[in-house]
Chemist: 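Attaching a single structure in structure tokens format; questions to follow.
Hydrogens, waters and symmetry mates are skipped; everything else that's a heavy atom, side chains included, is used. Position 1 is the first residue of the sequence; numbering continues from there.
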Amino acid sequence: GHQARAVTSFFLGEPAASREAMEQAVAIYDPERDSRHAYVTYGQDPAVASLAFGAVSLWMLGYPAQAERRSREAVDLARRLAQPSSLALALHFAAVLRAFRREPAEALRDGEATAAVAAEKSKLQPDAPFAANLRLDRADALYEIPEQRSEALAAYANFAKEYPKHELAPQASYGAAFTALRMGKY
């Protein structure tokens, strides 16, 4: 219940409600009892998911230190549980948080770690929807590192070409155009 509310509130643009649900989920979490939900109900451990979404909500609410702490807790717990989809989720949101913090090299590192976990341990196929999202996340992180904008441009263009019907294809096309403009390639 609390995990679902944390995630739903996050996507509804209600970070305060997401934070509250995250805190409630973490307060009642029992790894012996609840970690089975990663395999049965949600696809990820409920505490890991709540911490990951809650960390970004904390950032949005203006609590950067708490956001960083909760993000680390999500990654650490996911590693202890050794549950690949939980680790991929925690690393993904750690990368998002790093991007918000204007730490592009760290965002890229966490994003690449996410893709590695997803590809190797979760057997995520390259054409799976989440794989596409990870590729776009990588392009976004590359863009934020000025000396890697050429690679970002190629990543955006390749995304738009390889996933033309994906819901994020317009965003990739925009990213390619904006990057080319910033680089003076028009």
Side-chain angles (χ1 to χ4, degrees), residues 1-11 15-124 128-145 148:
H2 296 299
Q3 174 193 355
R5 193 162 60 90
V7 173
T8 302
S9 298
F10 176 85
F11 283 114
S18 180
R19 173 192 181 190
E20 178 184 328
M22 177 264 299
E23 296 295 348
Q24 291 170 341
V26 171
I28 65 169
Y29 178 72
D30 175 1
E32 294 294 319
R33 178 191 67 214
D34 299 330
S35 63
R36 68 180 173 81
H37 291 295
Y39 299 98
V40 177
T41 309
Y42 301 115
Q44 293 92 22
D45 179 80
V48 171
S50 296
L51 286 163
F53 281 95
V56 177
S57 294
L58 284 163
W59 172 265
M60 295 167 75
L61 291 167
Y63 301 106
Q66 291 178 36
E68 178 67 22
R69 181 175 54 83
R70 289 302 199 176
S71 179
R72 273 194 316 274
E73 288 176 21
V75 172
D76 291 346
L77 177 58
R79 285 192 170 120
R80 282 194 312 276
L81 294 171
Q83 205 274 323
S85 65
S86 295
L87 182 56
L89 179 86
L91 287 168
H92 169 73
F93 280 98
V96 168
L97 187 59
R98 295 289 191 181
F100 287 165
R101 293 170 56 101
R102 301 231 184 261
E103 299 170 345
E106 292 82 359
L108 182 60
R109 181 201 65 221
D110 288 343
E112 289 177 344
T114 304
V117 167
E120 294 171 26
K121 296 188 178 175
S122 298
K123 306 298 185 234
L124 183 65
F130 190 61
N133 293 40
L134 294 175
R135 290 183 63 186
L136 193 57
D137 288 347
R138 182 176 184 278
D140 290 341
L142 287 167
Y143 172 82
E144 295 298 331
I145 304 171
Q148 294 190 328

Chemist: Do any N or O atoms from the side chain of Thr114 and from the backbone of Asp110 form a donor-acceptor pair under 3.5 angstrom?
Modeler: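 Yes.
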
Chemist: Taking all non-hydrogen atoms of both residues, which atom of Glu144 and which atom of Pro104 are closest, and how far apart?
Modeler: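 Minimum heavy-atom separation between Glu144 and Pro104: CB-CB, 3.4 Å.
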
Chemist: State plainly whether the residues Arg101 and Glu106 are in salt-bridge range, i.e. N to O under 4.0 Å.
Modeler: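 Salt bridge absent between Arg101 and Glu106.
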
Chemist: Answer whether the closest heavy-atom distance between the side chains of Met22 and Leu58 falls below 4.5 Å.
Modeler: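 Met22 vs Leu58: side chains touch.
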
Chemist: Between Tyr63 and Arg70, is there a cation-pi geometry (under 6.0 Å to ring centre, at most 45° from the normal)?
Modeler: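 Here Arg70 fails the 6.0 Å and 45° test against Tyr63.
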
Chemist: Mind checking whether Phe10 and Pro15 have side chains closer than 4.5 Å, heavy atoms only?
Modeler: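 In short, these two side chains do not touch, never coming nearer than 4.5 Å.
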
Chemist: Restricting to non-hydrogen atoms, name the atom on Ala74 and the atom on Leu51 that form the minimum distance, rounded to 0.1 Å.
Modeler: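 It is CB-CB, 3.6 Å.
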
Chemist: Using 30° and 60° as the class limits, which term best fits the ring planes of Phe93 and Phe53: parallel, tilted or perpendicular?
Modeler: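 Tilted: the ring planes of Phe93 and Phe53 meet at 30° to 60°.
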
Chemist: Are Leu91 and Arg79 close enough that some pair of their side-chain heavy atoms sits under 4.5 Å apart?
Modeler: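 Sidechains of Arg79 and Leu91: in contact.
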
Chemist: Could you check whether any side-chain heavy atom of Arg135 comes within less than 4.5 Å of a side-chain heavy atom of Arg138, counting everything from C-beta outward?
Modeler: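 They are not in side-chain contact.
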
Chemist: With a 3.5 Å distance limit and no angle check, can you tell me whether Ser86 reaches the backbone of Asp45 through a side-chain donor-acceptor pair?
Modeler: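 Yes, the answer is positive, given that a donor and an acceptor are paired below the 3.5 Å cut-off.
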
Chemist: Report yes if some heavy atom in the side chain of Gln148 is under 4.5 Å from a heavy atom in the side chain of Leu108; otherwise report no.
Modeler: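 Yes; the side chains approach each other to less than 4.5 Å.
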
Chemist: Take Glu20 and Arg5 through the side-chain contact (heavy atoms from CB on, under 4.5 Å) test and state the conclusion after the steps.
Modeler: CA-CA 9 Å; Glu20 178 184 328; Arg5 193 162 60 90; 4.0 Å; yes

Chemist: Locate the shortest heavy-atom distance separating Ser9 from Ala17; write the atom from each residue and the value.
Modeler: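 In this case the closest contact between Ser9 and Ala17 is OG-CB, 3.5 Å.
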
